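This report concerns only the one structure given below.
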Amino acid sequence: MVEKYKLVMLRHGEGAWNKENRFCSWVDQKLSIDGVEEARACGRHLKSLGFEFDLVFTSILSRSIQTAWLVMEEMGQEWVPTQSSWRLNERHYGALIGLNRAEMALNHGEEQVKIWRRSYDVAPPPIDESHPYYHEIYTDRRYTCCDVSQEKLPKSESLKEVLERLLPYWNEMISPEVKKGKMILISAHGNSTRALLKHLEGISDTDIVNVTLPTGVPVLLELDEDLHAVRPHRFLGNQEAIQAAIKKVEDQGKALPAEK
Ligand SMILES: O=C(O)[C@@H](COP(=O)(O)O)OP(=O)(O)O
């Protein structure tokens with residue numbers, strides 16, 4: 001297979017609740033101080049590699065938008081048009097939103113937490129009106145401007161369901177631009193990026209369990225003319241540091257507190 005297009009994807013820099021090891025999902029947390037630096041470092045790295053973007057796509061959550069701004073500012077490419085959609089939002093973690101992963105592992109077991117976090121077709125229990133963040137999410141003005149009505153927005157999602165709501169956006173808005181030869185940056189989230197990687201690389205339902213994304217690290221995907229990946233995705237940067245960052249994210253689901 002011959003490489004024809006390149007695509008850069010990104011999980012935003014560390015958010016405040018990533019630091020506290022809480023499921024953040026559709027709660028609109030800002031980047032932590034470390035997350036701001038991760039995003040800036042990512043921009044500097046992409047600049048040093050000579051990337052020139054034509055279009056940026058983000059979710060409608062601040063941490064993904066803020067990351068895109070910082071990356072593009074460091075690159076001196078602030079002028080590049082940006083489009084945002086709820087379809088790139090993080091997976092809706094339902095009733096788990098706001099809960100601490102290590103406490104959940106203590107109460108429900110590490111295996112169950114891994115299933116909730118990384119399985120392909122298991123959705124966490126849905127959020128309902130009694131949940132402390134329900135009203136904050138569903139009365140937020142940003143969800144009145146989506147291409148589906150508020151009542152149709154998810155109350156919890158498996159990775160499969162994330163892919164189902166993301167694919168129309170990929171097919172209609174992003175992939176035509178890639179096919180025009182535009183260099184695209186997608187600044188999104190751990191699980192919305194996993195869903196897209198699964199689709200483009202043809203990762204199996206069982207192998208996707210082992211894909212974890214660290215925050216603030218660019219992911220390069222090389223695609224053929226039909227937009228299939230010609231080789232597995234590559235994380236750009238210091239590979240040893242990236243592997244350590246991936247392990248840290250995986251360890252967030254262990255019953256012992258993750259190392260800071
Ligand atoms: O919702 C969240 O807390 C994390 C993902 O959590 P895990 O799937 O890693 O538990 O999403 P992100 O930080 O990428 O927006």
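Remember, it's 1-based here, ligands and their atoms both numbered in the order they're listed. The residues of the chain are indexed from 1 along the displayed sequence. No experiment lies behind these values; they were computed from the predicted model shown.
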Are Lys160 and Asp205 ion-paired here, with the side-chain N under 4.0 Å from a carboxylate O? no
Under 4.0 Å between a Lys/Arg side-chain N and an Asp/Glu carboxylate O for Glu177 and Lys180? yes
Taking Arg63 for the side chain and Glu14 for the main chain, is one N or O donor matched with an acceptor at less than 3.5 Å? no
Which atom pairs, donor and acceptor, lie under 3.5 Å between side-chain atoms of residues 47-54 and protein residues at least two apart or in another chain?
from	atom 1	to	atom 2	distance (Å)
Ser48	OG	His45	O	2.7
Asp54	OD2	Met183	N	2.7

Enumerate the pairs of nitrogen or oxygen atoms, one from ligand 1 and one from the protein, separated by less than 3.5 angstrom; state names and distance to 0.1 Å.
from	atom 1	to	atom 2	distance (Å)
ligand 1	1 (O)	Ser25	N	2.8
ligand 1	3 (O)	Cys24	N	2.8
ligand 1	3 (O)	Arg101	NH2	2.9
ligand 1	6 (O)	Arg101	NH2	2.9
ligand 1	8 (O)	Tyr93	OH	2.6
ligand 1	8 (O)	Arg118	NH1	2.9
ligand 1	8 (O)	Asn191	ND2	2.8
ligand 1	9 (O)	Arg117	NH2	3.0
ligand 1	9 (O)	Arg118	NH2	2.8
ligand 1	10 (O)	Tyr93	OH	3.4
ligand 1	10 (O)	Arg101	NE	2.8
ligand 1	10 (O)	Arg101	NH2	3.3
ligand 1	10 (O)	Arg117	NE	2.6
ligand 1	10 (O)	Arg117	NH2	3.3
ligand 1	11 (O)	Glu90	OE2	2.5
ligand 1	13 (O)	Arg11	NH2	2.9
ligand 1	13 (O)	His12	NE2	3.0
ligand 1	13 (O)	Asn18	ND2	2.9
ligand 1	14 (O)	Arg11	NE	2.8
ligand 1	14 (O)	His12	NE2	3.2
ligand 1	14 (O)	Glu90	OE2	3.1
ligand 1	14 (O)	Gly190	N	2.7
ligand 1	15 (O)	His12	NE2	2.8
ligand 1	15 (O)	Arg63	NE	3.0
ligand 1	15 (O)	Arg63	NH2	2.8
ligand 1	15 (O)	His189	ND1	2.8

Distance only, no hydrogens: is a donor on one side chain within 3.5 Å (strictly under) of an acceptor on the other, for Thr212 and Arg118?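 Thr212 vs Arg118: donor-acceptor pair found between side chains.
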Would you mind telling me which of Ile65, Thr58, Leu55 makes a side-chain contact (heavy atoms from CB on, under 4.5 Å) with Thr82?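 For Thr82, the side-chain contact (heavy atoms from CB on, under 4.5 Å) test succeeds with only one of Ile65, Thr58, Leu55, which is Thr58.
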